[in-house]
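Read through the structure below, which is laid out as structure tokens, and then see the notes.
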Amino acid sequence: HDALPIFHSILVPIIVCAGASKQELKADKLLTSLLASCQDQYVTCLLAMDGSTSSLLLGARLLATKGLSVDNTELVKAAMTDTLVKTVLTSKTKVAAESLRQAGPFLRLLSHQQFKEELLPVITKALLRSPETALSAVGAVLAGLSLDLSVYVAELGKTFATSLRSKDDTVRDDALAATLALGKQCSDPSSLQLLLEAVFSVLNGSEGKIGLATTKASLLAACGGLSSSAVTGGGLAELADSATQHFVKFLETETHEGTLVLALEQLSVWAARYSNSLPPALVAWFPKGMALKTTSSSVRAAYLLLLSAALHTNTLASALPLVPSLTRVVDSAVKQSAQVAMLSEGAHAAACLVRIAEVDLATETSLQDFFSLVTDMDKQLFYSDKFLASAGAAALQSVASLATALLVSHVDKVGPAPAPLLRVLATCLLAGCGGVRRHALREVGRVGSSLGGAATVCSLLGEVSCLLHSRDRKSTRLNSSHLCN
């Protein structure tokens, strides 16, 4: 029995880090049965071993089995805490975050007092001494805790934000993981606001101008990722407004196309958290950003997708000032209908307009020309097979949303021949991109739950069948042609 913990400290980390659930379950059963027969001796041998990441993971698995007595649980917790403090966090070589994530059963048992008095001083020193080495372990430890870390943002946030501008890609990745782990464990809006401001401060050049797009990308990913936190209710909505102001300030000065698109994508994550209205800063900047001569098609598409993410029942009325800007995009798509990029922008704008039309009857009436365009089943501006075959995933999702809105809320305008709209949904249901298929499936659910939706879904199944047969015939012809050649 004395040698078993040594062997297990080698085998258990391999099993739990491999992600093999069956083997992990079997190992837990074996450990449980072992603890039932010789628990005290096994624990004594474990505590006598030299502290290492391997012994830490073995101790964590013992705690996860819940087969330890109360006394032995406290002994193992104390020993694992000592190992974490004296060996793992102070290691002169980088500890793999993947390994430390498996220590979750132990980390979740730590209290605020233990973290503050035993772990935090060591973490602070390690980050000051060698952040490139410590960040990986620190991020994994924070992610594994079951504590509200709001009170520790002031001590840890600035170091994480500074490391996000490192020239080393690995250090930036570790700093990003640590920043997001800290943010997810915060429930206090003011603490998360402090962390958000620290990251944006570095992004805006508080520690020197940032020229590399990859560095900006790491900082922007942190700014967007902080939307996933423990803050809820009105506090989250206020944070979303504050984040929007920071993002708009960045968008006003940034010129690099890829960075602009990424910034808008990250802002879109926050946009889903708007509660009652769109932030004034976004409403004021949106038309300006869309109209800049330096704004490319991909950036305009990102602006439109951002607006689409922000629109829901409570925010529709506040989007009314943006209708002229959206209408101009649709008009440009009509004039340049041969260009897929312009049609894609038009599809995004149309998906937004059809939702804004739900504000009231006056708004819907003012958009009469728009509805005449999108319900013209002869011109089929956004529904042609050529466009659907060339459009990207985002454009297909927008067209699917547009078709669904017309079938559900404006079926009177569509008329008796909705086949092109059904073909859009069928195309999206059979698209190569999984995201498009899942989005189309949700839209079909909306259609099915609407008045008369069952008959519409039956017609849709017919379109899906026809599309599948058409593809089979094309595939057969291609195979025959290949054999003849």
Side-chain angles (χ1 to χ4, degrees), residues 304-305 307-309 311-313 315-316 319-320 322-323 326-327 329-331 333-334 337 342-388 391 393-431 436-464 466-467:
L304 293 165
L305 290 172
L307 180 59
S308 178
L311 292 177
H312 57 77
T313 304
T315 61
L316 293 178
L320 287 175
L322 305 180
V323 168
L326 295 172
T327 304
V329 175
V330 175
D331 292 341
V334 174
S337 58
M342 297 303 297
L343 276 180
S344 297
E345 291 178 36
H348 298 319
C352 292
L353 282 170
V354 78
R355 296 185 67 186
I356 295 174
E358 299 173 10
V359 171
D360 52 34
L361 183 60
T363 302
E364 183 178 336
T365 303
S366 68
L367 291 171
Q368 184 176 356
D369 292 341
F370 162 73
F371 278 109
S372 297
L373 176 67
V374 295
T375 56
D376 189 333
M377 298 306 159
D378 294 324
K379 290 184 178 180
Q380 297 186 30
L381 181 64
F382 302 119
Y383 319 131
S384 67
D385 291 337
K386 181 179 179 181
F387 173 61
L388 294 177
L396 286 175
Q397 291 185 33
S398 291
V399 177
S401 296
L402 172 61
T404 301
L406 292 174
L407 290 170
V408 172
S409 303
H410 305 283
V411 67
D412 57 315
K413 297 181 177 65
V414 174
L421 301 180
L422 298 178
R423 189 167 61 250
V424 166
L425 290 175
T427 301
C428 293
L429 285 170
L430 300 175
V436 175
R437 294 196 301 272
R438 288 188 291 272
H439 179 80
L441 197 58
R442 289 193 294 271
E443 298 296 348
V444 171
R446 287 181 58 204
V447 173
S449 61
S450 64
L451 183 63
T456 306
V457 171
C458 288
S459 300
L460 172 61
L461 291 176
E463 288 292 337
V464 171
C466 291
L467 191 57

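Predicted model only: the values in this text are computed from it and were never measured.
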Residue pairs, two or more places apart or on separate chains, that pass salt bridge (charged side-chain N to carboxylate O under 4.0 Å, His left out) and touch residues 371-384: none

Please list all pairs passing the salt bridge (charged side-chain N to carboxylate O under 4.0 Å, His left out) test where one or both residues lie in residues 404-421, with sequence neighbours left out.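 Salt bridge (charged side-chain N to carboxylate O under 4.0 Å, His left out) check on residues 404-421 returns E364-K413.
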
What is the distance from atom [atom1] of [X] to atom [atom2] of [Y], rounded to the nearest 0.5 Å?
X    : Y    : atom1 : atom2 : result
L402 : L421 : CG    : CG    : 7.5 Å
L461 : C466 : CG    : SG    : 11.0 Å
L425 : L460 : CG    : CG    : 5.5 Å
L406 : S401 : CG    : OG    : 11.0 Å
L305 : S344 : CG    : OG    : 10.0 Å
L320 : L326 : CG    : CG    : 10.5 Å

For [X], what residues pass the side chain to side chain contact (heavy atoms under 4.5 Å, CB included) criterion, not counting sequence neighbours?
X    : value
L430 : V464, L467, L468, R471
Q397 : V436, H439
Q380 : Y383, P420, R423
R438 : R442

Which residues pass the side-chain hydrogen bond (donor to acceptor under 3.5 Å, both in side chains) test with D331, not counting sequence neighbours?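 Here no residue qualifies.
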
Which atom pairs, donor and acceptor, lie under 3.5 Å between side-chain atoms of residues 346-359 and protein residues at least two apart or in another chain?
unit_1 : atom_1 : unit_2 : atom_2 : d
H348   : ND1    : S398   : OG     : 2.6
R355   : NH1    : S308   : O      : 3.4
R355   : NH1    : L311   : O      : 3.2
R355   : NH2    : L311   : O      : 2.6

For the student: nearest non-hydrogen atoms of S459 and L422, plus distance: CB-CD1, 3.6 Å

Got a sec, which pairs hit ring-ring contact (aromatic ring centres under 6.0 Å, His included) with one end in residues 442-464, sequence neighbours left out?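 ring-ring contact (aromatic ring centres under 6.0 Å, His included) check on residues 442-464 returns no pairs.
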
Can you find a pair of side-chain heavy atoms, one from [X] and one from [Y], that are under 4.5 Å apart?
X    : Y    : answer
V374 : L381 : no
T427 : D385 : no
F387 : V399 : yes

Examine the side chains of T363 and D360 and answer whether a donor and an acceptor come within less than 3.5 Å of each other.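 Side chains of T363 and D360: pair found under 3.5 Å.
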
According to the side-chain hydrogen bond (donor to acceptor under 3.5 Å, both in side chains) rule, which pairs have a member within residues 445-456, sequence neighbours left out? E443-R446

Applying ring-ring contact (aromatic ring centres under 6.0 Å, His included), name anything that partners F371, two or more places apart in sequence or on another chain. H410

